[in-house]
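Everything on this sheet refers to the single structure shown next.
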Amino acid sequence: MSIPDAFGRLRLPAVAAPMFLTSGPDLVVEVCRSGVVGTFPALNQRTTAGFVDWLDEIGARLEPYPEAAPFGVNLIVHRSNPRLEADLEQVVVHKVPLVITSLGARPDVVRAVHSYGGLVFHDVISRRHAEKAAEAGVDGIVAVCAGAGGHAGTLSPFGLIPEIRSFFDGTILLSGAISTGAQIAAARIMGADMAYMGTRFLVTKEALVSATQKDMTVVARSSDILYTPAISGVAANFLRPSIVAAGLDPDNLTIHGALDMQNEAKAWKTVWSAGHGVAAIDDLPGAAELCDRLVTEYAVAMAAAASDPYSIRTVRL
Ligand SMILES: Cc1cc2nc3c(=O)[nH]c(=O)nc-3n(C[C@H](O)[C@H](O)[C@H](O)COP(=O)(O)O)c2cc1C
């Protein structure tokens, strides 16, 4: 079990996960200043030039805070992303501390990031993809399990985490429905090194999505989440009320063909993604306030687990 030394002293073993149309410089800077790893997808800027503007802005805003956590960017390594080479070049120029790759683990991308001392995490939904990522030489694997926001998997973390640990001794991150500090503690106790949290950070003041989307996410319950490939070609979790608001019937959706980045962009603007973690979200804090709360909840949960390891004794037998 390990958190990379290059991360320095984090306040929490957690990453605020990259979210399409949602994470930008304000969220990343606030999260990193709070001692948690902040990230954003390169494609949240429409061009590589815009991506570079954000890299420069984040670098400048974090410079006065040497104790801040490192930040990361998400690159979609899929043939339908025509910007990969140009964005990767800028990642290398800017020496981005962490790169999170999705939809394809490539040794050449890993080599490029390692060339300046950066780290690569890769997200997976199955053991087979995790094995490929390990072969490609990644530093960390994100196990995207059932109930995660975005392109979620279907496996229970109790199945996938030990399976990945059986052959991978790098950093393992758990993604899927983690919204509280106690749940971060649970992820650590069950074998992950770090928690990887999306939906909880979507409902913060700094997230780029509309107030309407945040409100809908706050009131949603886990049963309001629909797992379907119909929106963009790859199975993902979406808020049922947003599908209804878009004039579609969640129970009678037409399945599209393969993933296409243009469709994906259009679809995700009108139909909103969130994971089962909505169940534990009932407010709209600033990102710094949220991180402080998570730190406290995590410490309380870990202390409780350590001081009362046999809490089963409290159950009447
Ligand atoms: C609105 C939204 C957009 C997302 N966009 C991306 C993305 O662009 N790239 C990516 O790798 N993951 C994306 N994800 C997945 C997250 O990075 C993360 O794996 C997931 O949110 C974790 O599960 P949780 O939402 O239950 O915490 C997205 C998730 C959400 C909710």
Side-chain angles (χ1 to χ4, degrees), residues 14-24 27-28 31 36-45 51 72-78 80-81 83-84 87 98-105 120-125 129 133 140-155 157 160 173-181 183-184 186-187 192 194-204 207-210 213-214 216-217 220 222 224-227 231-232 234-239 242 259 261 264-265 267-281 290 294:
V15 173
M19 288 178 286
F20 190 47
L21 307 175
T22 305
S23 338
L27 184 57
V28 170
V31 166
V36 177
V37 179
T39 67
F40 70 97
L43 295 179
N44 275 1
Q45 273 282 12
F51 173 50
V73 303
N74 171 227
L75 298 178
I76 305 292
V77 183
H78 188 267
S80 68
N81 175 16
R83 271 179 43 193
L84 177 64
D87 288 354
L98 171 67
V99 171
I100 299 161
T101 53
S102 302
L103 302 174
V120 179
F121 290 173
H122 183 69
D123 65 16
V124 305
I125 59 168
H129 289 150
I141 294 179
V142 183
V144 185
C145 293
H151 295 150
T154 55
L155 294 176
L160 191 53
L173 300 96
L174 175 56
S175 158
I178 300 175
S179 296
T180 69
Q183 291 167 342
I184 300 171
M194 300 184 78
Y196 194 77
M197 306 165 70
T199 304
R200 176 60 271 196
F201 281 91
L202 180 146
V203 192
T204 57
L208 295 172
V209 299
S210 69
Q213 181 172 351
K214 291 176 190 176
M216 191 185 280
T217 311
S222 47
D224 290 321
I225 305 300
L226 179 70
Y227 185 68
I231 306 299
S232 70
V234 175
N237 275 316
F238 294 98
L239 287 167
S242 74
L259 174 70
M261 298 310 288
E264 180 97 338
W268 285 52
K269 272 197 186 94
T270 40
V271 177
W272 298 331
S273 180
H276 293 179
V278 292
I281 299 173
L290 172 61
L294 293 172

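Remember, it's 1-based here, ligands and their atoms both numbered in the order they're listed. As a basis for the values below, the full set of heavy atoms in this structure was taken, side chains included, without hydrogen atoms, waters or symmetry mates.
- Contacts between Trp272 and ligand 1 below 4.0 angstrom, taking non-hydrogen atoms only, are absent altogether.
- Contacts of Asn74 with ligand 1, taken as heavy-atom pairs under 4.0 Å, involve the side chain alone.
- Remark: minimum distance from atom 25 (O) of ligand 1 to any protein heavy atom is reached at Thr199 OG1, 2.5 Å.
- Judged by the shortest distance from any of its heavy atoms, Phe201 lies outside the 4.0 Å radius around the atoms of ligand 1.
- Counting heavy atoms closer than 4.0 Å to ligand 1, residue Ala148 contributes atoms from both its backbone and its side chain.
- Close approach of ligand 1 to Ala177 (heavy-atom distance below 4.0 Å) involves ligand atoms 24 (P), 26 (O).
- Contacts of Ser102 with ligand 1, taken as heavy-atom pairs under 4.0 Å, involve the side chain alone.
- In terms of protein heavy atoms, atom 19 (O) of ligand 1 is closest to Ser175 OG, 3.1 Å.
- Only side-chain heavy atoms of Asp123 come within less than 4.0 Å of ligand 1; its backbone N, CA, C and O stay farther off.
- The shell of residues lying under 4.0 angstrom from ligand 1, judged by heavy atoms, excludes Arg200.
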- Query: Could you walk me through whether Phe238 and Ile225 pass the side chain to side chain contact (heavy atoms under 4.5 Å, CB included) check?
  - Reply: CA-CA 5 Å; Phe238 294 98; Ile225 305 300; over 6 Å; no

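- Within the 4.0 Å heavy-atom cutoff, Gly277 does not count among the residues contacting ligand 1.
- Nearest to atom 23 (O) of ligand 1 by heavy atom, out of Ala207, Ala195, Gly149, is Gly149.
- With hydrogens and angles disregarded, a donor-acceptor distance shorter than 3.5 Å links the side chain of Asn237 to the backbone of Ala148.
- Near Met197, the atoms of ligand 1 lying under 4.0 angstrom from a non-hydrogen atom of the residue are 27 (O).
- Looking at Cys145, Pro18, Ala143, it is Pro18 that brings a heavy atom closest to atom 14 (N) of ligand 1.
- With hydrogens and angles left out, the side-chain atoms of Asn74 and Thr39 include no donor and acceptor closer than 3.5 Å.
- Residue contacts with ligand 1, taken as heavy atom pairs separated by less than 4.0 Å, involve Leu202 solely via side-chain atoms from C-beta onward.
- Atoms of ligand 1 lying under 4.0 Å from at least one heavy atom of Gly176, given by number and element, are 23 (O), 26 (O).
- Nearest protein neighbour of atom 27 (O) of ligand 1, counting heavy atoms only, is Gly198 N, 2.8 Å.
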